[in-house]
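Hydrogens, waters and symmetry mates play no part in the numbers below; they use all other heavy atoms, side chains included. Since the model is a prediction, treat every value here as computed from it, not as a measurement.
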Amino acid sequence: MGRQSSSAARRVVVVVCAAMVVAAAAAQKYNAVYNFGDSITDTGNLCTNGRPSQITFTQPPYGETYFGSPTCRCCDGRVVVDFLGNFDSFVFLVCLLRRADGGGWWLLQRSTSADFKKGANMAITGATAMDANFFRSLGLSDKIWNNGPISFQIQWFQQISSSVCGQNCKSYLANSLFVFGEFGGNDYNAMLFGGYSADQASTYTSQIVDTISNGVEKLIAMGAVDVVVPGVLPIGCFPIYLTIYGTSSSSDYDSLGCLKKFNDLSTNHNNQLKTKISALQSKYKSARIMYADFYSGVYDMTCCGSGGGKFNYNNNARCGMSGASACSNPASHLSWDGIHLTEAAYKQITDGWLNGPYCSPAILHS
């Protein structure tokens, strides 16, 4: 079962989903949580009218573990941003829709700005760090199937923030939690599935990381203080890569059976990102910029599974397509559909971000 990769949706409904308050600890309260990213944390921003069959994650069995039906999350249930509110109370706030035609993204019109005072989710499935012009310059325009990069997501946030906090935004946002990413995964997917080697893709890592860093700086300029910046996942461990790029040479794999060259790409990205975060922290002494480790959190849990092919991935029977089925116990699995994780995996990762060891420093602090 694999990741939805269709570029068919040109008329879409965009959902900027309100997120839940993080009630982190008795000594630490956030006004809101604002999330940016891609399908790893999208809670419904990419959703077409009527849930058409060409978007697989709008079809069963997506959502079966928690919601009982698809919610446009690329998961069997909740994702990281959902679990960030599961402390004193847990509330899914209303997602408001507005149709966007002509292939462009439009910020929804809200009935009340109060919907976003507790937070909002700008993450959208397929999002990249780099803008469309970057991929056009590489001849990869056809590998990007929506246009919601970092620059657009920040624009969306800028538009809602003025109505949420008015003239007192810096004070309000200083007491909010920002989760910025992960970004970069889809940039590499476009290159790797577009014929670039892992080594070729790595030559663009510094540009991608710089774009992420610049995005963090823009949020800080608006008033953000607590910013979580996740790295990318170990893509060499995911069934879609293991199936498409698998080889007969044992030297291409590490001790867990993951493809080394793709994990090296992820590691290089994360190392450069950590260096940038360290530099940002030195530059902005009053900010608290946290590196969230998706790589170790996933790598520590990795298993390859069985059934439906060696890695339980079939590009012609992806999750949500006719004939595809889910395992009977998703909670015992890492991968949900070949490239996205299960709710159980996201919950464990969130715990590692909140309390350690997968966030430096941990989100929760005295």
### Test ring-ring contact (aromatic ring centres under 6.0 Å, His included) applied to Tyr196 and Tyr188, step by step
CA-CA 9 Å; Tyr196 282 61; Tyr188 297 123; over 10 Å; no
### Task
Starting from the C-alpha separation in whole Å, work towards a yes-or-no answer on side-chain hydrogen bond (donor to acceptor under 3.5 Å, both in side chains) for Asp42 and Thr125.
CA-CA 6 Å; Asp42 185 0; Thr125 298; 2.8 Å; yes
### Task
Please assess Leu341 against Ile40 for the test side chain to side chain contact (heavy atoms under 4.5 Å, CB included), listing each intermediate value before the final yes or no.
CA-CA 8 Å; Leu341 305 181; Ile40 303 301; 5.8 Å; no
### Query
Can you list the steps and then say if Ser249 with Thr247 is a side-chain hydrogen bond (donor to acceptor under 3.5 Å, both in side chains)?
CA-CA 5 Å; Ser249 174; Thr247 76; 5.0 Å; no
### CA sep, side-chain torsions, deciding dist, call: Arg73, Tyr62, side chain to side chain contact (heavy atoms under 4.5 Å, CB included)
CA-CA 7 Å; Arg73 290 168 173 81; Tyr62 284 89; over 6 Å; no
#### Entry: Worked check of side chain to side chain contact (heavy atoms under 4.5 Å, CB included) between Gln158 and Met222
CA-CA 9 Å; Gln158 288 170 331; Met222 293 180 66; 3.7 Å; yes
### Task
Take Phe193 and Tyr241, measure what ring-ring contact (aromatic ring centres under 6.0 Å, His included) needs, and give me the verdict at the end.
CA-CA 10 Å; Phe193 294 133; Tyr241 276 93; 5.1 Å; yes
### Query
How far apart are the C-alpha atoms of Phe36 and Asn121, what are their side-chain angles, what is the distance that settles it, and do they pass the side chain to side chain contact (heavy atoms under 4.5 Å, CB included) test?
CA-CA 6 Å; Phe36 304 75; Asn121 190 359; over 6 Å; no
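Formation of a donor-acceptor pair under 3.5 Å by the Thr211 side chain with backbone atoms of Gln207 is found in this model. Between the side chain of Gln200 and the backbone N or O of Ser197, at least one donor-acceptor pair lies under 3.5 Å. With Asp187 contributing its side chain and Met130 its backbone, the two residues share a donor-acceptor pair below 3.5 Å. A donor-acceptor pair under 3.5 Å links the side-chain atoms of Asp76 to the main chain of Glu343, judged by distance alone. Under a 3.5 Å cut-off, the side chain of Glu64 and the backbone N or O of Gly77 do not form any donor-acceptor pair. Counting only distance, with no hydrogens or angles, the side chain of Asp293 and the backbone of Cys359 share no donor-acceptor pair below 3.5 Å. Judged by distance alone, the side chain of Ser176 and the main-chain N or O of Tyr172 form a donor-acceptor pair under 3.5 Å. At distances below 3.5 Å, at least one donor-acceptor pair connects side-chain atoms of Gln281 with backbone N or O atoms of Ala287. Remark: the backbone N or O of Pro230 is not paired with any side-chain donor or acceptor of Glu182 at under 3.5 angstrom. Looking at Lys170, its side chain never comes within 3.5 Å of a backbone N or O of Ala224 through a donor-acceptor pair.
Rounded to the nearest 0.5 Å, atoms CG (Asn175) and SG (Cys165) are 11.5 Å apart. From Ile277, atom CD1 reaches atom OG of Ser282 across 12.0 Å, with rounding to the nearest 0.5 Å. Here CD1 of Ile124 is found 10.5 Å from OG of Ser39. Values are rounded to the nearest 0.5 Å. Taken from CD1 in Ile220 to CG in Leu173, the straight-line distance is 12.0 Å, to the nearest 0.5 Å. Ser278 OG to Leu273 CG: the interatomic distance, rounded to the nearest 0.5 Å, is 11.0 Å. We find the CZ-OG distance between Phe135 and Ser141 to be 9.5 Å, quoted to the nearest 0.5 Å.
Residues Tyr30 and Ile363 meet the side-chain proximity criterion, which asks for heavy atoms closer than 4.5 Å. Side-chain contact between Asn189 and Ile339 is present, with at least one heavy-atom pair separated by less than 4.5 Å. At a threshold of 4.5 Å between non-hydrogen side-chain atoms, the residues His269 and Ser202 do not count as touching. Residues Thr65 and Thr342 have side chains not in contact (no heavy-atom distance under 4.5 Å, counting atoms from C-beta outward). Taking the side chain as every heavy atom from C-beta outward, Ile212 and Ile208 approach each other to under 4.5 Å. Looking at Tyr245 and Leu259, their side chains come closer than 4.5 Å, going by heavy atoms from C-beta outward. Considering only heavy atoms from C-beta on, Leu265 comes within 4.5 Å of Leu192 through its side chain. Annotation: side chain of Cys258 is not in contact with side chain of Pro234 (no heavy-atom distance under 4.5 Å).
Here Asp210 pairs with Lys276 in a salt bridge; the nearest charged N to carboxylate O distance falls below 4.0 Å. A salt bridge does not link Lys261 to Asp199: none of the charged nitrogens lies less than 4.0 Å from a carboxylate oxygen.
Taking all atoms of both residues into account, the shortest heavy-atom contact from His340 to Phe238 is N-CE2, 4.4 Å. Ala123 and Asp38 make their closest contact through CB-O, 3.8 Å (heavy atoms, listed as atom of the first residue, atom of the second, distance). Here the closest non-hydrogen pair linking Gly215 and Ile150 is CA-CG2, 4.4 Å. Between Pro149 and Asp131, the shortest heavy-atom contact is CG-OD1, 3.2 Å. Closest heavy-atom contact between Ser213 and Leu280: OG-CD1, 3.5 Å. Between Ile235 and Asn263, the closest heavy-atom pair is N-OD1, 3.5 Å.
Follow the hydrophobic side-chain contacts under 4.5 Å out from Val232 and you never reach Met191; the two are in separate clusters. When the side chains of ILVMFWY residues are joined at heavy-atom separations under 4.5 Å, either directly or via intervening members, Leu177 and Val227 end up in a single hydrophobic cluster. The hydrophobic clustering, which links ILVMFWY residues whose side-chain heavy atoms are closer than 4.5 Å, places Val225 and Phe178 apart.
No option in Phe83, Tyr291, Tyr346, Phe294 other than Phe294 meets the ring-ring contact (aromatic ring centres under 6.0 Å, His included) test with Trp353.
Gln348 and Tyr358 form no side-chain donor-acceptor contact under 3.5 Å, judged by distance and modelled atom types alone. Side-chain N/O atoms of Thr41 and Asn35 include a donor and acceptor closer than 3.5 Å.
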